[in-house]
Undergrad: 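After the structure tokens below, expect a handful of questions from me.
Start at 1 and go down the list; that is how both ligands and their atoms are numbered.
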Amino acid sequence: MLDADAIDKLVAAAQKARQRAYAPYSDFTVGAAALSADGRVFGGCNIENASYGATICAERVALGAAYAAGCREIVALALTGPGERPISPCGICRQVMAELAPDAVVIMQGEGEERDTSSVTDLLPAAFGADTLTQSSDG
Ligand code: THU
């Protein structure tokens, strides 16, 4: 399913979603697109807030849209933002990817042609997760 054409389309969906970014404070517009196992694509953009900590990143908006639509299996997540070089997801988004899209291929691209691809595990090794929460009761 994840051939070069599918990846190109997912990056294009992230670029389109980026156009809807609400980033009046940073002016740093980010777009993301999540691809579900059944082929659906969910776009997301960053949505900022005057109370800066209430800002939501593009990746979390895209993953939230997928989950809200009932999708639980995310196979790929594309991310794009300003500048020539690929943009790298923040730590909170890496943690959310580990929870909601642990098996996704993450594709990162800026406004240039350069593209990085990574697994979620490579982006966040030894993630805190459900297994860590339950180990305290393992004895
Ligand atoms: N941002 C994202 O949308 N995703 C990231 O992974 C990094 C940061 C947004 C949050 C904020 O609106 C702006 O980029 C500057 O930090």
Undergrad: Can you tell me how far the CG atom of L79 sits from the CD1 atom of I107, to the nearest 0.5 Å?
TA: 10.0 Å
Undergrad: side-chain contact (heavy atoms from CB on, under 4.5 Å) for L100 and I74? Distances and angles first, verdict last.
TA: CA-CA 8 Å; L100 302 183; I74 308 299; 5.9 Å; no
Undergrad: If you count only heavy atoms, which residues are under 4.0 Å from ligand 1?
TA: S26, F28, V30, N46, E48, T55, C57, A58, E59, P89, C90
Undergrad: For residues 51-77, pull every pair meeting ring pair (Phe, Tyr, Trp, His ring centres under 6.0 Å), keeping only residues two or more places apart or in separate chains.
TA: Y25-Y52
Undergrad: Test of understanding: with side chain to side chain contact (heavy atoms under 4.5 Å, CB included), list the residues that count as partners of A12, not counting sequence neighbours.
TA: Q15
Undergrad: Could you name each residue pair satisfying salt bridge (charged side-chain N to carboxylate O under 4.0 Å, His left out) that touches residues 58-75, not counting sequence neighbours?
TA: none
Undergrad: Whether the S51 and N49 side chains hold a donor-acceptor pair (N or O, under 3.5 Å, no angle test) is what I'd like checked.
TA: no
